[in-house]
Amino acid sequence: MTATPEPHEPSSLELQNQLDALPDDAARWRDILNDVREAQFKAFRSGTAASELIAAWTATVDQMLRSAWLKRLPADAPAALMAVGGYGRSELLPRSDIDLLILYEAGRLDDIEAGLSSFVTFAWDMGLEVGHSVRSPAECAEEAAADITVVTNLMEARPLAGRADLAD
């Protein structure tokens with residue numbers, strides 16, 4: 001009888017190797033997330049500082065979202081993936097929702113719409129609770145002028161993947 005391996009938190013390199021080798025099967029990606037969550041809960045119960053675990057969980061989600069993005073959109077796609085809200089501040093808890101802003105180059109949304117839809121669907125299917133908005137930089141400016149909470153979200157935004165120049 002083969003023993004079931006103990007869930008563990010993989011290093012960044014181990015995680016990337018796993019993600020690169022995985023087929024586009026959201027259930028397998030979800031298994032990795034669940035293993036990392038379980039390892040973190042165990043580490044917390046053993047006395048690991050919550051701040052250390054939050055940073056590690058944020059880094060894991062960052063890496064998984066980057067990999068999922070790159071599997072669905074070409075490197076030169078006219079779009080950028082941004083973390084916003086608590087996630088943008090790198091304060092992501094294991095059961096928190098994931099707030100994302102997808103910036104796209106004005107007039108180019110049709111070029112990438114299928115890839116963006118596939119990305120968001122995959123993120124949900126792998127077990128992340130994603131809240132997202134899709135806007136051009138000009139649309140972000142319009143929204144920010146109308147709603148101060150949008151300004152706060154944009155101030156805390158950080159790039160994850162894609163064209164970081166769109167965030168400038």
Side-chain angles (χ1 to χ4, degrees), residues 7 9-10 12 15-16 18-20 22-41 50 53-75 77-106 108-137 139-144 146-164 166-167:
E9 191 168 348
S12 179
L15 178 59
Q16 193 59 56
Q18 287 178 358
L19 297 176
D20 289 345
L22 280 180
D24 233 10
D25 177 0
R28 305 261 315 268
W29 289 54
R30 186 173 45 250
D31 290 344
I32 291 172
L33 279 172
N34 289 334
D35 284 351
V36 172
R37 269 190 197 113
E38 185 58 37
Q40 285 209 324
F41 290 141
L53 296 170
I54 290 168
W57 178 249
T58 301
T60 296
V61 172
D62 284 356
Q63 194 168 3
M64 293 188 80
L65 287 174
R66 274 188 205 105
S67 292
W69 176 273
L70 292 172
K71 287 180 181 265
R72 283 159 184 74
L73 292 144
L81 179 63
M82 308 289 293
V84 295
Y87 182 37
R89 290 188 307 271
S90 297
E91 296 175 354
L92 189 62
L93 298 172
R95 298 283 183 204
S96 293
D97 62 327
I98 313 294
D99 295 322
L100 299 173
L101 168 62
I102 298 170
L103 288 172
Y104 67 91
E105 186 179 321
R108 302 285 308 273
L109 184 57
D110 289 344
D111 300 342
I112 55 173
E113 196 165 16
L116 295 179
S117 178
S118 174
F119 167 75
V120 171
T121 299
F122 190 80
W124 271 99
D125 290 348
M126 74 169 148
L128 298 174
E129 245 183 81
V130 175
H132 72 286
S133 57
V134 180
R135 297 185 180 129
S136 70
E139 290 169 337
C140 284
E142 289 172 22
E143 290 290 326
D147 184 350
I148 191 69
T149 63
V150 174
V151 174
T152 304
N153 262 347
L154 293 175
M155 287 173 47
E156 297 171 336
R158 63 185 173 85
L160 294 174
R163 290 202 13 219
L166 288 170

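One-based numbering along the sequence shown. The analysis underlying the following values was restricted to heavy atoms, covering all of them including side chains, and did not include hydrogens, waters or symmetry mates.
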Okay, side chain of S96, backbone of L92: is any donor-acceptor separation there less than 3.5 Å?
-> no
Keeping the roles fixed (side chain from Q40, backbone from L53), state whether a donor-acceptor pair exists under 3.5 Å.
-> yes
Heavy-atom pair of closest approach, residues W57 and P94 | NE1-CA, 3.4 Å
Any chance you could measure M82, atom CE, to I102, atom CD1, to the nearest 0.5 Å?
-> 11.5 Å
Is the backbone of A79 close enough, under 3.5 Å, to the side chain of R163 for a donor and an acceptor to pair up by distance?
-> no
Does the side chain of V120 come within less than 4.5 Å of V134's, by heavy atoms?
-> no
Side-chain (W69) to main-chain (F119) donor-acceptor, under 3.5 angstrom = no
Do L100 and L65 come within less than 4.5 Å of each other through their side chains, counting heavy atoms only?
-> yes
Donor-acceptor under 3.5 Å (R66 side chain, L160 main chain) | yes
Looking at D111 and R108, does any basic side-chain N land under 4.0 Å from a carboxylate oxygen?
-> yes
Spacing of CZ belonging to R30 relative to CG belonging to D35, to within rounding of 0.5 Å = 12.5 Å
When you check the gap from the basic side-chain N to the acidic O, do R158 and D62 get nearer than 4.0 Å?
-> yes
Flag the pair V84 / S133 as yes when at least one side-chain heavy-atom distance between them is below 4.5 Å, and no otherwise.
-> no
Heavy atoms of S90 and T58 approach each other most closely as O-OG1, 3.5 Å
Answer yes or no: is there a side-chain heavy-atom contact under 4.5 Å between P159 and L81?
-> no
Answer yes or no for R135 and Y104: cation-pi contact, defined as NZ/CZ to six-membered ring centre under 6.0 Å and angle to ring axis within 45°.
-> no
Could you tell me the separation between the CG atom of L33 and the CZ atom of R28, rounded to the nearest 0.5 Å?
-> 13.5 Å
Should W29 and D125 be marked as a side-chain contact (heavy atoms from CB on, under 4.5 Å) after you check the CA-CA gap, both sets of side-chain angles, and the distance that decides it?
-> CA-CA 9 Å; W29 289 54; D125 290 348; over 6 Å; no
So do E38 and N34 actually touch side chain to side chain, heavy atoms under 4.5 Å?
-> no
Hey, could you give me the NE2/CG distance between H132 and D99, rounded to the nearest 0.5 Å?
-> 11.5 Å
Please answer whether the main-chain N or O of S117 pairs with a side-chain N or O of T121 as donor and acceptor at a distance below 3.5 Å.
-> yes
Exam field: side chain E139 to backbone S136, donor-acceptor pair closer than 3.5 Å | yes
Check whether any side-chain heavy atom of E105 lies under 4.5 Å from a side-chain heavy atom of L166, and answer yes or no.
-> yes
Side chains of I54 and L93: does their closest heavy-atom pair fall under 4.5 Å?
-> yes
Distance col, row F122:CZ vs M64:CE, nearest 0.5 angstrom, shows 7.5 Å
Could you grab the distance from atom CZ of R95 to atom CZ of F41, nearest 0.5 Å is fine?
-> 5.0 Å
Shortest non-hydrogen pair, L103 vs P137, comes out as CD2-N, 4.2 Å
